Amino acid sequence: MRLGIKEIEQILPHRHPFLLVDYIEEMEPGVSAVGYKCVTFHEDFFRGHFPQEPVMPGVLTVEALAQVGAVAILSMEENKGKTAYFGGINKCRFRGKIVPGDKVRLETKIIKVKGPMGIGEATASVDGKTVVKAELTFMIG
């Protein structure tokens, strides 16, 4: 099952330039999702980060992971039409750079849900190498 931009926009409120997921390759509502961000030299953030050595900001990679997790959690029937907000970022580690030309695999597994709050275990990788790993807390509003 593949979700393109149009389907993702029906689930998430984010829009360009802040929608950081190009497509969802796999998804099990309320359980997990795997999406991709195809990074090009034309990304708005590269103009200032850094002009001499373009690197995707780590916080935007974490945001992309959160968006993939939000697709999984907001695809549940009881959460349709709602918004997922950040509640926290824990155990976050940056292990590599994301540069123009990279195809970033974004995987978020929902590991705990209690009422409107939950935790996702998130991993971003490029060519099989982990570049970001984090535990993301979310709140459904």
Side-chain angles (χ1 to χ4, degrees), residues 1-51 53-141:
M1 179 257 295
R2 181 179 163 125
L3 302 178
I5 291 290
K6 297 282 184 220
E7 293 86 5
I8 294 169
E9 287 182 341
Q10 290 174 4
I11 299 167
L12 298 180
H14 305 76
R15 296 296 180 263
H16 178 80
F18 210 69
L19 180 58
L20 299 171
V21 181
D22 293 325
Y23 65 95
I24 298 290
E25 182 178 75
E26 303 169 29
M27 194 250 307
E28 188 175 340
V31 177
S32 67
V34 176
Y36 287 87
K37 168 73 176 155
C38 300
V39 181
T40 73
F41 185 74
H42 297 288
E43 306 288 346
D44 291 337
F45 47 79
F46 285 140
R47 288 186 300 154
H49 197 271
F50 304 98
E53 183 189 352
V55 176
M56 184 171 175
V59 295
L60 293 182
T61 307
V62 173
E63 173 64 27
L65 287 163
Q67 289 179 16
V68 168
V71 168
I73 209 74
L74 297 176
S75 294
M76 296 173 65
E77 199 57 47
E78 63 266 30
N79 292 332
K80 288 194 174 170
K82 295 182 180 177
T83 301
Y85 297 98
F86 255 125
I89 302 168
N90 295 307
K91 303 178 186 172
C92 187
R93 295 288 176 261
F94 299 97
R95 298 182 173 147
K97 294 189 286 190
I98 297 172
V99 299
D102 284 346
K103 181 177 176 182
V104 186
R105 184 179 194 273
L106 305 157
E107 181 175 7
T108 302
K109 296 176 186 169
I110 309 305
I111 58 172
K112 184 178 180 182
V113 176
K114 186 173 182 178
M117 295 184 69
I119 297 172
E121 188 177 80
T123 305
S125 59
V126 175
D127 296 328
K129 180 185 182 256
T130 298
V131 291
V132 179
K133 201 166 183 61
E135 200 175 84
L136 309 177
T137 302
F138 60 86
M139 294 173 289
I140 305 299

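None of these values were measured; they are calculated from a predicted model.
The pair K80-E78 does not count as a salt bridge, with every side-chain nitrogen at least 4.0 angstrom from each carboxylate oxygen. Salt bridge E121/K112: absent, no basic N to carboxylate O contact under 4.0 Å. Under the 4.0 Å criterion applied to side-chain N and carboxylate O atoms, R105 and E25 are not assigned as salt-bridge partners.
In this structure, V99 and V39 have side chains that are not in contact, with every pair of non-hydrogen atoms separated by 4.5 Å or more. F94 has its side chain within reach of V132: a pair of non-hydrogen atoms, C-beta onward, lies under 4.5 Å apart. Considering only heavy atoms from C-beta on, F18 comes within 4.5 Å of L60 through its side chain. Taking 4.5 Å as the limit, every side-chain heavy atom of V71 sits out of range of all side-chain heavy atoms of V21. At a threshold of 4.5 Å between non-hydrogen side-chain atoms, the residues I119 and L136 do not count as touching. With contacts defined as side-chain heavy-atom distances shorter than 4.5 Å, the pair T108/F138 does not qualify. Between S125 and V131 there is no side-chain heavy-atom pair separated by less than 4.5 Å. Side-chain contact check for V34 versus V68: every heavy-atom pair is 4.5 Å or farther apart.
Evaluation of the salt bridge (charged side-chain N to carboxylate O under 4.0 Å, His left out) test over residues 83-95, restricted to residues two or more places apart or in two chains, returns K91-E135.
Side-chain atoms of S32 do not come within 3.5 Å of backbone N or O of E28 as any donor-acceptor pair. In this structure, E9 contributes its side chain and K6 its backbone to no donor-acceptor pair below 3.5 Å. In this structure a side-chain-to-backbone donor-acceptor pair under 3.5 Å is present from E7 to G4. D102 places no side-chain N or O within donor-acceptor distance of the main-chain N or O of V126, the cut-off being under 3.5 Å.
When each of I11, L20, L106 is checked for a side-chain contact (heavy atoms from CB on, under 4.5 Å) with Q67, only L20 meets the rule. If you run side-chain hydrogen bond (donor to acceptor under 3.5 Å, both in side chains) between T123 and each of E107, K109, K133, only K133 comes through.
Contact detail for G69 and I110: the closest heavy-atom pair is O-CD1, 4.2 Å. Minimum heavy-atom separation, L74 to A84: CD1-N, 3.9 Å. In this structure, A124 and L65 approach most closely via the heavy-atom pair N-CD2, 3.9 Å. F46 and F41 get closest at one heavy-atom pair: CD1-O, 3.7 Å. When all heavy atoms are compared, the tightest approach of I24 to M27 is CG2-CB, 4.0 Å. Contact detail for A72 and A33: the closest heavy-atom pair is CB-CB, 3.9 Å.
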I8 and L19: CA distance, side-chain angles, deciding distance, side-chain contact (heavy atoms from CB on, under 4.5 Å) verdict = CA-CA 9 Å; I8 294 169; L19 180 58; 3.9 Å; yes

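The CD1 atom of I98 sits 3.5 Å away from atom OG1 of T61, with the distance rounded to the nearest 0.5 Å. In this structure, E63 CD and K37 NZ are separated by 12.0 Å, a value rounded to the nearest 0.5 Å. Annotation: the span from M139 atom CE to I73 atom CD1 amounts to 13.5 Å, rounded to 0.5 Å.
By the 6.0 Å contact criterion, CG on N90 is enclosed, its count of non-hydrogen atoms from other residues, nucleotides or ligands being greater than 12. Shown here is R47, whose CZ atom has no more than 12 heavy atoms of other residues, nucleotides or ligands within 6.0 Å.
Judged as a side-chain hydrogen bond (donor to acceptor under 3.5 Å, both in side chains), and not counting sequence neighbours, the contacts of Y23 are K103.
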